[in-house]
Amino acid sequence: MLGECGMLERDRRGLRKCSVTLCKEMVVDELFIQSLQTDDILTDSMAESILVEPTSHKRSWRLLSLLPKRGPRAFSSFCSALRDTEQHHLCALLTESPERDGERQCPQTAKAKDRAEEVISTAYPIQASDRNAPFTKNPVKDSEEEGDEEKERYMDSPLPLPFQERMVPAKRARTQESMEMCLDADSPITSSVLPCTPDFYLKHCQQSYSMVSSPRGLALVISNVSFDPCAAPDLDSRKGGEVDEEVLRKVFTELDYIVTVRRDLTAPGMRECIEQFGRRQQHQTVSSCVVCLLSHGVEGAIYGTDGQLLELDWVFEAFDNAHCPLLQNKPKMFFIQACRGEEMDCGVEQSDGPERTQSPGCEQRDAGREGEGDGDTRQTEERGRLRVKLPQRSDMICGFASLKGTAAMRNTKRGSWFIQEVNSALRFRARDTHLSDILVQVNGRIKDREGYAPGTPHHRCKEMSEFTSSLCKDLYLFPKYHPQY
């Protein structure tokens, strides 16, 4: 019997039966949506309405509400998209639904189900109380979300495994891991960056940083994935870090930046690379600059592959107004994907009580910063005869993956939470949103994310990103718009 708009009734019942589990576990990203668009299951407007939802749960729910209306091929295309995005356990969950027991499974689906059964007991432990679970296993210690100090190696697992970006406090024997992952299948292939309109540019260009050069600027991505086992035995390979670097290369290339990617540098190597980048003469003719640093880290520093630390304050100093005059008065963007401590954010339950009242105002002048009264008129006259001076450091904005003292989460197949959200926000929001507001939106998306690892201390683990800014104007990237003079 056909259901709404032609979908088989048993397929509709199967989706409805598994909807809670799907909403909780399914990853609906650009790659997943693109697979459904390729099969003509979703229109462009439907795809955008799903991807703009603020939480993973809402994106999943939005998709599941649309599928029953998209014809008899929607269910099989949905299962295919699950397989294409390495969510075999959910595909097996659907195809094992009681409503579909009488249906002959295709060899590809049967193979995917068998593959899922092998790994679910270790990577996705399911509680026996879940009526929809096709496999009932006791919770085990190690699972999808965990810190580097407790994770086990899941050899050749097809499932994405997020870990914390943190240093391992205790040494242990290393095991050989395959780093040969198919990035075409696992990396978050994204929709094109949405273009800025001429009307929007004309309305906002006067109150924002000048972003008219082509290219817009130079971008440097330093990604440390593999660490020296002799010099840094406690630093594990950052599996999934190669996905982040490719995501950043693609998005900033689309935003009209000349992108340089450097992989696996020691601390002295990072310092030399950054110094050379800051001295490039092209900075004089472009509008801005981007620096992305991806590695293990601690508060205030990141690790080189030799286990030595590079201080972030030195990095910012290398681009300040004194050390990088070619970028004076131009926006400098930094994105740091690294831990800033070893504490895992376990989250807290939201209180339903009244909101906290605001503190009374305590406005005081910083001692020694201002003179009494009108000040010395002689100093005022002297200032008028001098050249305009700039502060030592200005026009910078830096996004951090985590708060001070806490760990950052990274998925071994899809990359880090923070870079995923930055990439998505830049692609969909840069056309009409300035960068500070984009990073506020990233914060909101990160706040809504949580790990899934039943039976372990890392179940429902959280992360919170933040950013600091000394920008003096709005920073619009005006993607794909080049004014004609």
Side-chain angles (χ1 to χ4, degrees), residues 1-29 31-42 50 56-57 59-138 143-144 154 156-161 182 185-186 413-414 452 454:
M1 182 174 65
L2 296 181
E4 188 174 359
C5 291
M7 176 176 270
L8 290 172
E9 181 63 27
R10 63 185 176 189
D11 293 341
R12 294 180 64 229
R13 288 201 305 267
L15 284 176
R16 187 165 57 247
K17 180 84 171 174
C18 302
S19 62
V20 173
T21 302
L22 289 170
C23 284
K24 183 168 62 174
E25 299 184 21
M26 185 167 55
V27 177
V28 178
D29 57 9
L31 173 60
F32 194 96
I33 296 301
Q34 188 179 58
S35 179
L36 293 174
Q37 284 182 282
T38 302
D39 286 347
D40 293 325
I41 301 302
L42 296 178
I50 294 169
S56 177
H57 182 278
R59 289 193 292 273
S60 298
W61 189 258
R62 176 74 173 168
L63 173 60
L64 293 177
S65 67
L66 289 172
L67 282 176
K69 308 172 185 178
R70 301 307 297 165
R73 295 188 302 108
F75 185 85
S76 60
S77 294
F78 178 62
C79 291
S80 177
L82 288 172
R83 290 192 298 270
D84 291 344
T85 55
E86 303 292 341
Q87 301 184 72
H88 299 280
H89 65 299
L90 295 179
C91 180
L93 177 66
L94 284 171
T95 55
E96 278 212 344
S97 176
E99 287 79 1
R100 302 182 57 81
D101 283 343
E103 180 183 357
R104 179 179 296 177
Q105 294 179 358
C106 66
Q108 187 178 11
T109 301
K111 184 178 179 181
K113 183 189 73 174
D114 293 339
R115 190 181 182 195
E117 188 169 4
E118 285 182 10
V119 299
I120 272 190
S121 62
T122 56
Y124 281 85
I126 298 176
Q127 302 294 342
S129 59
D130 189 346
R131 294 179 303 169
N132 299 328
F135 313 107
T136 301
K137 301 288 184 181
N138 292 327
S143 57
E144 181 190 4
Y154 299 121
D156 301 321
S157 169
L159 300 175
L161 306 173
C182 178
D186 294 329
K413 293 289 183 72
R414 305 183 186 282
Y452 181 74

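One is the number of the first residue; the rest follow in order along the sequence.
Between M26 and L82, the closest side-chain pair of non-hydrogen atoms falls below 4.5 Å. The closest side-chain heavy-atom distance from L94 to F78 is below 4.5 Å. Inter-residue side-chain proximity for L15 and L67 is flagged as met; some heavy-atom pair is nearer than 4.5 Å. For the pair C23/L64, a side-chain contact is recorded, criterion being any heavy-atom separation below 4.5 Å from C-beta on. Between E86 and H88 the shortest side-chain heavy-atom distance falls below 4.5 Å.
Neither side chain, H89 nor Q87, offers a donor N or O lying under 3.5 Å from an acceptor on the other.
In this structure, T85 OG1 and D29 CG are separated by 6.5 Å, a value rounded to the nearest 0.5 Å. Of the inter-residue distances, the one linking D11 atom CG with C79 atom SG reads 8.0 Å to the nearest 0.5 angstrom. In this structure, L42 CG and L63 CG are separated by 6.0 Å, a value rounded to the nearest 0.5 Å. Residue K24 holds its NZ atom at 12.5 Å from OG of S60, rounded to the nearest 0.5 Å.
Of all the heavy atoms in R62 and I50, the pair that sits closest is CG-CG1, 3.6 Å. Smallest separation of non-hydrogen atoms from I41 and A74: CD1-CA, 3.8 Å.
Residues satisfying the side-chain contact (heavy atoms from CB on, under 4.5 Å) criterion with D40, sequence neighbours excluded, are R73. Under the side-chain contact (heavy atoms from CB on, under 4.5 Å) criterion, A81 pairs with F32, S35, L36, not counting sequence neighbours.
Without hydrogens or angle criteria, T38 side chain to Q34 main chain gives a donor-acceptor distance under 3.5 Å.
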